Number of protein chains: 2
Amino acid sequence: MARAATTADVFNAVAERRRREILEYLDSGEATVGDIVDRLDIAQPQVSKHLRVLREVELVRSRSAGRHKLYRLNPEALRPVLEWTARFEQLWNERYDRLDAYLDDLQEEERE
Amino acid sequence: MARAATTADVFNAVAERRRREILEYLDSGEATVGDIVDRLDIAQPQVSKHLRVLREVELVRSRSAGRHKLYRLNPEALRPVLEWTARFEQLWNERYDRLDAYLDDLQEEERE
DNA sequence: ACATCATATTCCGATATAGGCATGTGTCAA
DNA sequence: TTGACACATGCCTATATCGGAATATGATGT
């Protein structure tokens, strides 16, 4: 047996940097394959392939618009990752703070 | 180029089911390689290999105790995953609820 | 020194990837 | 219909995985 398919689940799909970058970009709204190609400087075929993987795990959805295809993020599909990760949250915060407080801290750090 | 190494970052390390299971098990405290073998029913060599990967990305630490080796979770290393995933959180909740409320809901669901 | 227990490493085979490049499919406009 | 544009797919190579089996390393007790 080899490594699990990238389409096996969201964890595998998201393990790839490029795909994470694509998702981050789509965070700002619908985008065309060409938009992604230009913005992230990835060859068009690879973008299409990555989008295929992301579509298979439901991380993105698409709709056709003329000869373009608009891709949009489906963040719901990331739930399993958040859920799984969050179960360990209390462990790295000895005072068992709530997660939102933790996230607030992160935002403050980013501000500096 | 092939797929990124499993030790390339935490995302890749955590993409593997077995490794996630090992981390979940270690959530309950230090454990021996043998403990993991027994509890998760994975062959010993594969457990050692998985632990190697997890160690390389700092997700676990180890200490020797006689002829045993005790592995413990280092949840800090999961931060990048939580941070990255959390940035999309507001998107899957139209009312922009706080994340802790979201988690509370999850707990209730699990209770049933 | 030796046998034993606990863990790590190596070799193997099967599989699947990501990127590069060429090509196919589909849509629009003249 | 033809050409141009947007996107998808196929083929190829290099690489890295996972599991299984065998073996190596390391510590313990006698």
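Chain A is the first sequence line, chain B the second, and so forth, proteins listed ahead of strands; every chain is numbered from 1. All values reported here derive from a predicted model rather than from experimental measurement.
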Which atom names give the shortest non-hydrogen contact between Asp9(A) and Arg20(B), and what distance separates them?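 In terms of heavy atoms, the two residues are closest at OD2-NH2, 3.5 Å.
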
Distance alone, cut at 3.5 Å: any donor-acceptor contact between the side chains of Gln44(B) and Ser48(B)?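 Gln44(B) vs Ser48(B): donor-acceptor pair found between side chains.
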
Side chains of His50(B) and Arg18(B): donor-acceptor distance under 3.5 Å anywhere?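 Not at all, the side chains of His50(B) and Arg18(B) share no donor-acceptor pair under 3.5 Å.
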
Residues from residues 53-67 of chain A lying under 4.0 Å of DNA chain C - heavy atoms: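 Listed by number, they are Gly66(A), Arg67(A).
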
Interface residues of residues 39-47 of chain A with DNA chain C (non-hydrogen, below 4.0 angstrom):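 Contacting residues: Pro45(A), Gln46(A).
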
Ignoring hydrogens and angles, tell me if any N or O in the side chain of [X] forms a donor-acceptor pair with the backbone of [Y] under 3.5 Å.
| X | Y | value |
| --- | --- | --- |
| Arg19(A) | Ala13(A) | yes |
| Asp27(A) | Glu24(A) | no |
| Asn12(B) | Ala15(A) | yes |
| Ser28(A) | Tyr25(A) | yes |

Select base, sugar-phosphate, or nothing to describe what Thr6(B) touches, counting heavy atoms under 4.0 Å on all strands.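 Contact class for Thr6(B): sugar-phosphate only.
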
Under 4.0 Å between any heavy atoms, over every strand shown, what does Arg17(B) touch: base, sugar-phosphate, or nothing? Just pick one.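 Here Arg17(B) touches no strand at all.
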
Starting from [atom2] on [N], measure out to [atom1] on [X] and report it in whole angstrom.
| X | N | atom1 | atom2 | result |
| --- | --- | --- | --- | --- |
| His68(A) | dC5(D) | NE2 | P | 11 Å |
| Asp35(A) | dC5(D) | CG | P | 17 Å |
| Arg3(B) | dT13(D) | CZ | C1' | 17 Å |
| His50(A) | dT9(D) | NE2 | P | 15 Å |
| Lys49(A) | dC7(D) | NZ | C1' | 13 Å |

Applying side-chain contact (heavy atoms from CB on, under 4.5 Å) to Leu54(A) and Leu26(A), what does each step give before you reach the verdict? CA-CA 12 Å; Leu54(A) 294 174; Leu26(A) 289 180; 5.7 Å; no

N/O (side chain, Arg52(A)) to phosphate O (OP1/OP2, dT9(D)) under 4.0 Å: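 It does, given that an N or O in the side chain of Arg52(A) lies less than 4.0 Å from OP1 or OP2 of dT9(D).
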
Check whether any side-chain N or O of Thr32(A) sits under 4.0 Å from OP1 or OP2 of dA6(D), and answer yes or no.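 Answer no for this pair, as no side-chain N or O of Thr32(A) is under 4.0 Å from OP1 or OP2.
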
5'-most by nearest nucleotide on DNA chain C - Ala5(A) or Tyr71(B):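 Its nucleotide being nearer the 5' end, the pick is Tyr71(B).
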
Taking atom CZ as the centre, does Arg39(B) end up with more than 12 heavy-atom neighbours from other residues, nucleotides or ligands that are less than 6.0 angstrom away?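 Counting other residues, nucleotides and ligands, CZ of Arg39(B) stays at 12 neighbours or fewer.
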
Check each of Asn74(A), Val81(A), Leu82(A) against Leu78(A) using the side-chain contact (heavy atoms from CB on, under 4.5 Å) test, and report the only one that passes.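 Considering Asn74(A), Val81(A), Leu82(A), a side-chain contact (heavy atoms from CB on, under 4.5 Å) with Leu78(A) is found only for Val81(A).
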
base_contact_polar (dG26(D) base, Lys69(B) side chain, donor-acceptor, <3.5 Å):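 Side chain to base: no pair present.
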
Where does the chain A footprint on DNA chain C start and end, counting 5' to 3' with a 4.0 Å heavy-atom cut-off?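 Using the under 4.0 Å cut-off, the span is dG13(C) to dC28(C).
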
Taking Tyr71(A) as the fixed residue, which of Arg55(A), Arg61(A), Arg63(A) is the one that meets the side-chain hydrogen bond (donor to acceptor under 3.5 Å, both in side chains) rule?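 The option that passes is Arg55(A).
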
